[in-house]
Amino acid sequence: MIGVVSAREALRQAEEYGLDLVEISPNAEPPVCKILDYGKYKYEQQKKAAEARKHQKTVEVKEIKVRPAIGEHDYQVKYKAARKFLEDGNKVKVTLRLRGREMAHQDLVMEVMNRLKQELSDLSKVDMEPKMEGRQVVMVLSAAAAVPS
């Protein structure tokens, strides 16, 4: 803490120590400056940013594809995969593609989607309700904030 000094005096002191004069808060009255090694400061900032990125969890969107006339065993396989994705903290995009005459059986489509949504409701929340997009129905689930253990 040097106190309030002129810009020339501050620059002279910084040169005397072999350091840089860095403006911290230009909008303050008077402006606030620090005498420090700017290269070292930038290096430390990069290290902090890299450390923050290292501890950051990226959320991926995993996709599960199902059919309207899905068999019970096949359904259980897809259900377990979706459950594992949600437990790992990822989002799950459930896609149900319709072919040919299956378009006439919208009730089966919603049954499968609602069953999956209901069975995964204990550890997920619905980001996007089942929605018809051309010949496919899409629903997005994400891991609930507080997952019961």
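Under the 4.5 Å side-chain contact rule for hydrophobic residues, Val92 and Met128 do not share a cluster. Val77 and Val66 fall into different hydrophobic clusters, where Ile, Leu, Val, Met, Phe, Trp and Tyr residues are linked whenever their side-chain heavy atoms come under 4.5 Å apart, directly or through other members. Side-chain heavy atoms closer than 4.5 Å link hydrophobic residues (I, L, V, M, F, W, Y) into clusters, and following such links, possibly through other members, connects Met132 to Val126. If you chain together hydrophobic residues whose side chains sit under 4.5 Å apart, Met103 and Met139 fall into the same group.
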Quiz: residues 10-27 side-chain donor-acceptor pairs under 3.5 angstrom, not counting sequence neighbours:
unit_1 : atom_1 : unit_2 : atom_2 : d
Arg12  : NE     : Glu9   : OE1    : 3.4
Arg12  : NH1    : Glu16  : OE1    : 2.7
Arg12  : NH2    : Glu9   : OE2    : 2.7
Gln13  : NE2    : Glu9   : OE2    : 3.0
Asp20  : OD2    : Tyr38  : N      : 3.0

Using a 3.5 Å cut-off and no angle test, enumerate the donor-acceptor pairs between side-chain atoms of residues 43-55 and protein atoms at least two apart in sequence or in another chain.
unit_1 : atom_1 : unit_2 : atom_2 : d
Glu51  : OE2    : His55  : NE2    : 2.8

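Other residues, nucleotides and ligands place more than 12 heavy atoms under 6.0 Å from the CD atom of Glu133.
Residues that satisfy the side chain to side chain contact (heavy atoms under 4.5 Å, CB included) test with Lys93, not counting sequence neighbours, are Val61, Glu63, Thr95, Val138, Val140. Listed by chain and number, the residues in a salt bridge (Lys or Arg N to Asp or Glu O under 4.0 Å) with Arg97 amount to none (sequence neighbours excluded). In this structure, the side chain to side chain contact (heavy atoms under 4.5 Å, CB included) partners of Arg99, at least two apart in sequence or on a different chain, are Arg67, Glu102. Evaluation of the side-chain hydrogen bond (donor to acceptor under 3.5 Å, both in side chains) rule for Glu129 yields Lys117 as partners, not counting sequence neighbours.
Salt-bridge check for Glu72 with Arg115: passed, with a basic side-chain N closer than 4.0 Å to an acidic carboxylate O. Between Lys84 and Asp88 there is a salt bridge, since at least one side-chain N of the basic residue sits less than 4.0 Å from a carboxylate O of the acidic one.
Within the model, atoms OH of Tyr41 and NZ of Lys34 stand 7.5 Å from one another, a figure rounded to the nearest 0.5 Å. The NZ atom of Lys78 sits 9.0 Å away from the NZ atom of Lys65 when rounded to the nearest 0.5 Å.
When every heavy atom of Glu119 is checked against every heavy atom of Arg83, the shortest pair comes out as O-NH1, 3.9 Å. Taking both residues in full, the closest heavy atoms of Gly89 and Ala143 are given as CA-CB, 4.1 Å, listed atom of the first, atom of the second, then distance. Minimum heavy-atom separation, Leu86 to Leu141: CD2-O, 4.1 Å.
For the pair Lys91 (side chain) and Lys62 (backbone), a donor-acceptor distance under 3.5 Å is absent. Of the possible donor and acceptor atoms, one in the side chain of Asn114 sits under 3.5 Å from a partner among the backbone N and O of Met110.
Side-chain contact between His105 and Pro68 is absent, with no heavy atoms from C-beta onward closer than 4.5 Å. With a 4.5 Å cut-off on side-chain heavy atoms, Leu120 and Tyr79 count as touching.
Put simply, the residue from Leu108, Ile70, Ile64, Val112 that forms a side-chain contact (heavy atoms from CB on, under 4.5 Å) with Leu96 is Val112.
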